[in-house]
Amino acid sequence: MALTREQMAQRVAQELQDGFYVNLGIGIPTLVANYVPSNMEVMLQSENGLLGMGEFPTEDTIDADMINAGKQTVTTVKGASIFSSAESFAMIRGGHVDLTVLGAFEVDVNGNIASWMIPNKLIKGMGGAMDLVAGADNIIVTMTHASKHGESKLLSECALPLTGKGCIKKVLTDLAWLEIENGAFVLKERAPGVTVEEIIEKTQGKLIVPDHVPEMTFA
Amino acid sequence: MALTREQMAQRVAQELQDGFYVNLGIGIPTLVANYVPSNMEVMLQSENGLLGMGEFPTEDTIDADMINAGKQTVTTVKGASIFSSAESFAMIRGGHVDLTVLGAFEVDVNGNIASWMIPNKLIKGMGGAMDLVAGADNIIVTMTHASKHGESKLLSECALPLTGKGCIKKVLTDLAWLEIENGAFVLKERAPGVTVEEIIEKTQGKLIVPDHVPEMTFA
Amino acid sequence: MAGFDKVVGSYEEAMAGLEDGMTVLAGGFGLCGIPENLINEIKRKGTTGLTFVSNNCGVDGFGLGVLLEDKQICKMVSSYVGENALFEKQLLSGELEVELTPQGTLAEKMRAGGAGIPAFYTATGVGTPVAEGKETKLFNGREYLLEEAITGDFAIVKGWKADRYGNVVYRHTAQNFNPLAATAGKITVVEVEEIVEVGELDPAHIHTPGIYVDRVIVGHFEKRIEKRTVKEA
Amino acid sequence: MAGFDKVVGSYEEAMAGLEDGMTVLAGGFGLCGIPENLINEIKRKGTTGLTFVSNNCGVDGFGLGVLLEDKQICKMVSSYVGENALFEKQLLSGELEVELTPQGTLAEKMRAGGAGIPAFYTATGVGTPVAEGKETKLFNGREYLLEEAITGDFAIVKGWKADRYGNVVYRHTAQNFNPLAATAGKITVVEVEEIVEVGELDPAHIHTPGIYVDRVIVGHFEKRIEKRTVKEA
């Protein structure tokens with residue numbers, strides 16, 4: 001079975017480490033915050049200028065001046081700091097964020113990512129995505145393995161305009177956990193019940209399949 | 001008579017305007033603060049990260065954490081702000097300081113200034129001087145017109161390594177007030193009792209002498 | 001202390017000197033920390049042909065969105081736009097030009113503009129449409145783009161508290177692009193919720209020193225919320 | 001919360017990992033805001049062949065000057081040096097190398113190092129010995145120099161107060177280069193006068209967010225004054 005959005009978030013959360021500063025993109029990445037192991041602390045960075053993002057406020061504590069990069073009203077945790085957009089991206093561009101999780105339209109075997117622009121459709125902009133992929137060393141892309149029409153999103157070469165070049169090493173799809181090494185996707189884990197054959201079929205870019213591909217486990 | 005150091009400071013102070021942010025270098029420039037007209041407010045910027053420098057502290061209020069760019073203990077005025085060295089030089093480099101006053105070894109007809117390095121003598125460094133002359137639009141150089149040995153410091157071309165290129169437009173010496181225009185010093189005012197002939201004699205670079213050169217006046 | 005008293009008494013005075021065709025830097029992220037009354041004054045003035053440098057362009061009827069109604073904006077330099085229908089319409093009809101700039105690059109371009117740095121290198125955008133026509137250079141084997149600074153004829157900024165000298169502090173994440181825009185305007189106008197006595201703001205915790213600020217005005221703010229999210233009780 | 005607790009219990013632990021030949025960025029201006037105990041620990045360790053990036057090099061017997069005594073420093077990157085006799089002696093004998101860098105360029109190089117900006121243009125130093133061997137480029141008809149970022153294996157920083165997460169505030173003009181050095185060290189060590197509870201520092205007024213900080217230690221400081229100036233009573 002393909003992973004649910006919640007399961008995808010759970011699997012990504014397994015990559016967290018105690019003391020990580022993490023930037024979570026909109027969508028599935030946001031859900032990762034719900035699965036931080038209880039014996040672990042991570043601090044969420046929001047690129048509009050907040051380190052130490054907390055949960056949503058109550059109706060009583062909602063504050064128009066306290067939002068995250070998704071423009072949602074939020075709160076801060078103890079020990080948070082708030083700063084300008086230049087300082088925020090100094091952190092990001094300077095490689096100080098330990099893990100960035102974001103969605104994409106396509107990823108290719110050379111670690112290229114396309115996530116912001118579909119030609120001939122309205123282009124709203126890249127926001128902070130280009131800075132995030134250029135600045136982070138440790139990025140996890142979360143997306144469905146294939147489009148609704150069955151077209152692979154793991155390609156030999158991205159067809160869409162890029163968000164970043166050669167910067168992606170880890171991809172979690174609804175079918176598999178893959179790492180990008182030497183111009184190929186390496187199949188590391190498969191979703192419970194998903195066959196290697198299905199993954200091969202739905203991966204257009206070069207795929208390396210080890211002898212043993214374990215199923216993902218969820219605590 | 002050549003101007004005293006105090007008179008030089010007084011003459012420079014005549015160039016202040018109400019609401020000016022001013023950076024004063026070490027030596028004669030520092031004395032300018034003593035001659036701010038009483039109907040005028042200026043705010044002093046010190047490049048170690050202080051806008052709104054006040055007078056020296058008393059023995060009771062002295063604080064090792066509150067110094068100026070000359071490393072002297074100081075105080076702050078009401079409305080002061082304190083910031084990092086990067087922010088301080090963002091102000092300076094970005095042209096936000098209205099007036100910079102500093103000393104020099106030599107100035108030439110093209111607005112070049114040499115103030116930090118005498119070859120074959122111990123070189124201590126340029127500190128913030130290169131940033132100050134590159135960033136300011138409005139700079140006054142204060143220095144003696146000639147060395148103790150009578151050698152002119154107003155040259156056709158600086159002999160010493162430069163602090164900045166083409167950035168000086170106003171020079172106050174102990175003998176004269178000069179402005180640099182189109183590759184020449186223009187004699188604007190002379191110190192009380194100093195003859196035009198003495199200034200001509202002690203100016204090595206091209207000097208333009210208007211028909212009438214008024215004496216400086218001091219209130 | 002007339003020399004450092006930057007408080008003006010009317011929004012008309014606050015935006016005096018703004019002319020057709022000028023470039024305006026605006027603080028704010030989404031609808032958070034936007035200079036809403038200064039924007040409304042620009043609408044009232046009817047200035048046209050404006051280029052705005054702002055992370056976003058407001059929504060229909062609020063924020064910079066109101067300046068689309070009378071087609072006052074000819075160009076936006078932003079990282080993310082199109083949260084309103086009018087924007088999309090004017091973009092598709094060619095009445096509005098957009099220069100999309102990565103958010104971090106946009107922030108750094110404004111900072112550079114204020115700091116006398118004409119250009120800087122960044123890895124952001126290498127190999128993407130953002131890199132088209134830009135110089136690249138290798139540092140330690142990695143490719144970087146040369147990005148140029150941005151300055152504006154005006155900067156419009158939303159602060160929380162300011163004193164008469166123009167020292168400003170921002171509230172929570174309403175800080176965002178505001179202190180950057182403040183440094184890079186030839187004329188920087190800050191509207192705030194409260195004017196405090198000179199000396200009341202801690203010198204070590206002023207976000208925008210008064211040297212960057214030309215005019216200060218106190219206003220009332222709607223502070224519309226773009227995405228109201230609350231937790232289950 | 002072990003993950004974000006950055007407080008270490010000894011100076012030995014604070015400087016663990018410092019090796020011969022490394023580059024160290026140090027905060028401070030003159031003797032103001034210098035990490036005096038971290039410097040003393042480097043002296044105790046006896047690490048040699050160090051390159052220091054610091055605006056100044058202390059005085060005889062205090063600050064970075066103490067590291068000259070056993071010739072631990074092989075190179076200084078500074079804007080102003082030579083306030084001590086030992087420095088001059090080692091410079092003239094060739095035991096010590098100095099790279100003089102304009103103060104504002106030095107500050108910006110550290111900021112750039114921490115901010116992932118490999119290089120930037122500045123007008124500072126054009127036409128001077130500082131420009132030798134550096135690329136220049138015209139922007140709007142003016143010539144600018146390309147200056148590269150600086151990073152360090154270690155950054156040693158003097159703060160006022162910090163919490164266990166490594167959020168730091170600085171006191172008065174002891175801020176200076178400290179927050180810049182803090183961003184640009186692979187390992188950033190901050191010594192402070194006081195450790196406060198997490199949450200005690202106002203989030204909007206933290207000078208150095210904890211993300212930049214690896215280790216925090218509390219110490220006692222002499223805070224020697226270089227030029228004691230007082231007004232006539």
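Just the heavy atoms: all of them, side chains too, but no hydrogens, waters or symmetry mates, feed the values below. Residue numbers begin at 1 in each chain, while the letters A, B, ... track the order of the sequences.
- Neither the backbone nor the side chain of D:Asn178 comes within contact range of chain B, judged by heavy atoms closer than 4.5 Å.
- To the nearest 0.5 angstrom, D:Glu88 atom CD is 7.0 Å from B:Lys124 atom NZ.
- If you measure heavy-atom distances from D:Pro102 to chain B, the contacts under 4.5 Å come from both the backbone and the side chain.
- Contact annotation: the side chain of B:Asp65 never approaches that of D:Thr173 to less than 4.5 Å [non-hydrogen atoms, C-beta and beyond].
- The most heavy-atom pairs under 4.5 Å with chain B, out of D:Asn56, D:Leu31, D:Val98, come from D:Asn56.
- The residues B:Glu59 and D:Arg228 are annotated as salt-bridged, a charged nitrogen and a carboxylate oxygen being separated by less than 4.0 angstrom.
- Proximity of D:Thr128 to B:Lys165: side-chain heavy atoms (C-beta onward) are nowhere separated by under 4.5 Å.
- How far CG of B:Asp131 is from OG1 of D:Thr105: 5.0 Å, rounded to the nearest 0.5 Å.
- For B:Asn68, the part lying under 4.5 angstrom from a heavy atom of chain D is the backbone only.
- The two residues D:Pro129 and B:Pro161 have their closest heavy-atom pair at CG-CB, 3.6 Å.
- Scanning all heavy atoms of the two residues, the minimum distance from B:Ala86 to D:Glu108 falls at CB-OE1, 4.4 Å.
- Note: D:Cys32 leads D:Ala123, D:Ala131, D:Cys32 in heavy-atom pairs under 4.5 Å with chain B.
- No side-chain donor-acceptor contact under 3.5 Å links B:Ser85 and D:Asn176.
- D:Gln175 approaches B:Ser84 most closely through the heavy-atom pair OE1-N, 3.2 Å.
- Contacts of B:Ile62 with chain D are made by side-chain atoms alone, with heavy-atom separations under 4.5 Å and no backbone atom involved.
- With respect to chain D, the highest number of heavy-atom pairs below 4.5 Å among B:Gly70, B:Gly49, B:Ala64 belongs to B:Ala64.
- Taking the side chain as every heavy atom from C-beta outward, D:Leu100 and B:Trp116 approach each other to under 4.5 Å.
- A salt bridge links B:Asp63 and D:Arg171; the closest N-O separation between the charged side-chain nitrogens and carboxylate oxygens is under 4.0 Å.
- Residues B:Met126 and D:Tyr80 fail the side-chain proximity criterion, which asks for heavy atoms closer than 4.5 Å.
- Considering only heavy-atom pairs separated by less than 4.5 Å from chain B, the leading option among D:His207, D:Arg224, D:Arg142 is D:Arg142.
- For B:Glu47, the parts sitting under 4.5 Å from any heavy atom of chain D are the backbone and the side chain alike.
- Heavy-atom distances place the side chain of D:Leu91, and not its backbone, under 4.5 Å from chain B.
- Here D:Thr122 contributes atom OG1 and B:Met130 contributes atom CE; the two are 11.0 Å apart, rounded to the nearest 0.5 Å.
- Looking at B:Thr73, its side chain does come within 3.5 Å of a backbone N or O of D:Thr229 through a donor-acceptor pair.
- Looking at B:Gln72, its side chain never comes within 3.5 Å of a backbone N or O of D:Lys227 through a donor-acceptor pair.
- You'll find the side chain of D:Val230 stays beyond 4.5 Å of the side chain of B:Thr58, heavy atoms only.
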